Amino acid sequence: MAAHIALPRIMRIGGGSVREIGEVVSGLGLARPLIVTDSFLVGTGAADRMMNDLAAAGLTPRLFAETVPDPTTDSLTAGLAALEAHRADSVIGFGGGSPMDTAKALGLLGRQGGQMRDYKAPRQNTGPALPIIAVPTTAGSGSEATQFTIISDSGSDEKMLCTGPAFLPVAAVVDYELTVSMPPRLTADTGVDALTHAIEAYVSKKANPFSDSLALTAIQTIGQVLRRVYADGGDRGARERMMLAATQAGIAFSNSSVALVHGMSRPIGAHFHVAHGLSNAMLFPAVTAFSVRAAESRYADCARALGVATATDSAAAAADGLVTALADLCRDVHVPTPKTYGIDRDRWHELIPLMAEQALASGSPGNNPRVPTDAEIRDLYARIYG
């Protein structure tokens, strides 16, 4: 069966590439971009620098800096108003996963209208949509190169996965220098997120040779540099490698899929407002342990790429070594459990049935090597609490 591969048309990768944003946008024949970002990047001056670089290229940009962590359907309202008022012909997602997710949603709604829930999975969204230019400032989500966006329904708290080429950025500008100021907690959470993307892309039932090669390369790099960037954010060489690995992992899962970790992670983020990368990390070792026997050789390949198994280790031993290595990594970068994060035990257990239902409804668990039942998902949620 043929693999259907989709990539951004243009990618600029490397230190200082963000200053080429005007050339990228004008080269696409666009003139009135809306920059979708957050207050942090306004405060650092990075948003103003981008505005100036776009204006210097003869473009007419407008800034929208009201994005929120884990964007909601309500949070899109002001962005849509800004898009219409500016008569924008394109959207620049500038920031972490949340600004890029917001930009993708605005790009689609700005052309098609309706409500975001109309576009959630399993619907495949092919367009039309405004062109998206993605400029990530964290090394994790890979959203600059994916066909996905995640928006929470303000009414139900459902974290909706929305998929399809309509959400794929037409261009990505990947500048590792934007990540040097990331604090350790954010570095860890986004880094584990990238590793989750790579491993799930490789073990997914939708994996293919194209996604496999990128996933294994990303796993190898992340294994070598994640602890380094966590310990020393100023390690520019490690930052550069981590940024590229996150993009590679994003391309891998966009052209394969994510699986059970992500399916279970989204409800945690929606109901308890846990950052996406952190909720993945809370689940990663336990879900991997649940899954390994169903695809030992694939998980063994991941273990060898990560550097925690050798070619002479049996598939079973290597796969088990991966589970141990993921637990060790999460310990080393101080990933909390839901309990130590401060989530109330009673509220957690009360919501387990709903979270399990939402995880299954997302479709991601169906891509897992071992497809879980509702009862098994409930059990996993109960086991990871504390």
Side-chain angles (χ1 to χ4, degrees), residues 68-76 96-98 101-102 105 115-117 119-123 140-141 143 146 148-163 189-190 192-193 196-197 199-200 204 253 257-291 330 335-368 370-386:
V68 298
D70 296 318
T72 65
T73 49
D74 284 351
S75 74
L76 298 177
S98 294
D101 280 349
T102 300
Q115 303 297 318
M116 206 65 209
R117 66 181 64 89
Y119 302 102
K120 72 177 185 177
R123 173 169 171 166
S141 76
S143 187
T146 74
F148 308 107
T149 190
I150 299 174
I151 304 294
S152 293
D153 188 310
S154 298
S156 67
D157 274 342
E158 178 187 2
K159 212 165 188 180
M160 299 180 294
L161 172 64
C162 305
T163 72
D189 295 346
T190 55
V192 175
D193 190 23
T196 310
H197 292 155
I199 291 178
E200 289 206 308
S204 166
F253 88 80
S257 75
V258 288
L260 181 55
V261 174
H262 276 74
M264 292 182 64
S265 170
R266 297 184 199 104
I268 295 174
H271 294 290
F272 298 103
H273 307 292
V274 178
H276 172 68
L278 181 55
S279 58
N280 276 345
M282 290 174 172
L283 289 156
F284 202 9
V287 171
T288 304
F290 169 84
S291 306
C330 289
V335 173
T337 64
K339 178 181 179 180
T340 58
Y341 186 76
I343 294 173
D344 179 75
R345 177 186 294 273
D346 291 341
R347 182 63 174 158
W348 177 266
H349 286 278
E350 176 189 348
L351 284 172
I352 281 178
L354 177 58
M355 291 196 295
E357 177 186 339
Q358 291 176 338
L360 282 169
S362 74
S364 296
N367 302 321
N368 206 57
R370 177 181 174 185
V371 178
T373 64
D374 179 86
E376 287 170 330
I377 291 180
R378 292 186 189 203
D379 180 64
L380 283 166
Y381 276 131
R383 275 196 276 151
I384 70 150
Y385 175 75

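None of these values were measured; they are calculated from a predicted model.
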Checklist entry - Does Glu158 pair with Lys120 as a salt bridge, N-O distance under 4.0 Å? => result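 Result for this pair is yes, salt bridge flagged.
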Item to check | Side-chain heavy atoms of Leu278 within contact of Val335, under 4.5 Å | outcome: yes
Looking only at the side chains, is there a donor atom on one of [X] and [Y] sitting less than 3.5 Å from an acceptor on the other?
X: His273; Y: Asp70; result: no
X: Ser152; Y: Thr72; result: no
X: Thr340; Y: Thr337; result: yes
X: Asn367; Y: Ser204; result: no

Item to check | Under the side chain to side chain donor-acceptor pair (under 3.5 Å) test, residues paired with Glu357 that sit two or more places apart | outcome: none
Next on the checklist: Determine whether Asp193 and His276 satisfy the following criterion, side-chain contact (heavy atoms from CB on, under 4.5 Å), listing intermediate values before the conclusion.
Outcome noted: CA-CA 8 Å; Asp193 190 23; His276 172 68; 3.4 Å; yes
Checklist entry - In this structure, are over 12 heavy atoms from other groups packed under 6.0 Å from Glu350 atom CD? => result yes
Item to check | Donor-acceptor contact below 3.5 Å, side chain Thr73 vs main chain Ser154 | outcome: yes
Checklist entry - Under the side-chain contact (heavy atoms from CB on, under 4.5 Å) criterion, do His262 and Ser257 qualify, and how do the steps go? => result CA-CA 10 Å; His262 276 74; Ser257 75; over 6 Å; no
Item to check | salt bridge (charged side-chain N to carboxylate O under 4.0 Å, His left out): pairs with one or both residues in residues 370-381, sequence neighbours excluded | outcome: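 The answer is Arg370-Glu376, Asp374-Arg378, Asp379-Arg383.
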Checklist entry - Parallel, tilted or perpendicular for His349 and Tyr385, by the 30°/60° rule? => result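 Judged by the thresholds at 30° and 60°, the geometry between His349 and Tyr385 is tilted.
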Checklist entry - Between Tyr341 and Phe272, is the ring centre distance below 6.0 Å? => result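 Tyr341 vs Phe272: aromatic centres not under 6.0 Å.
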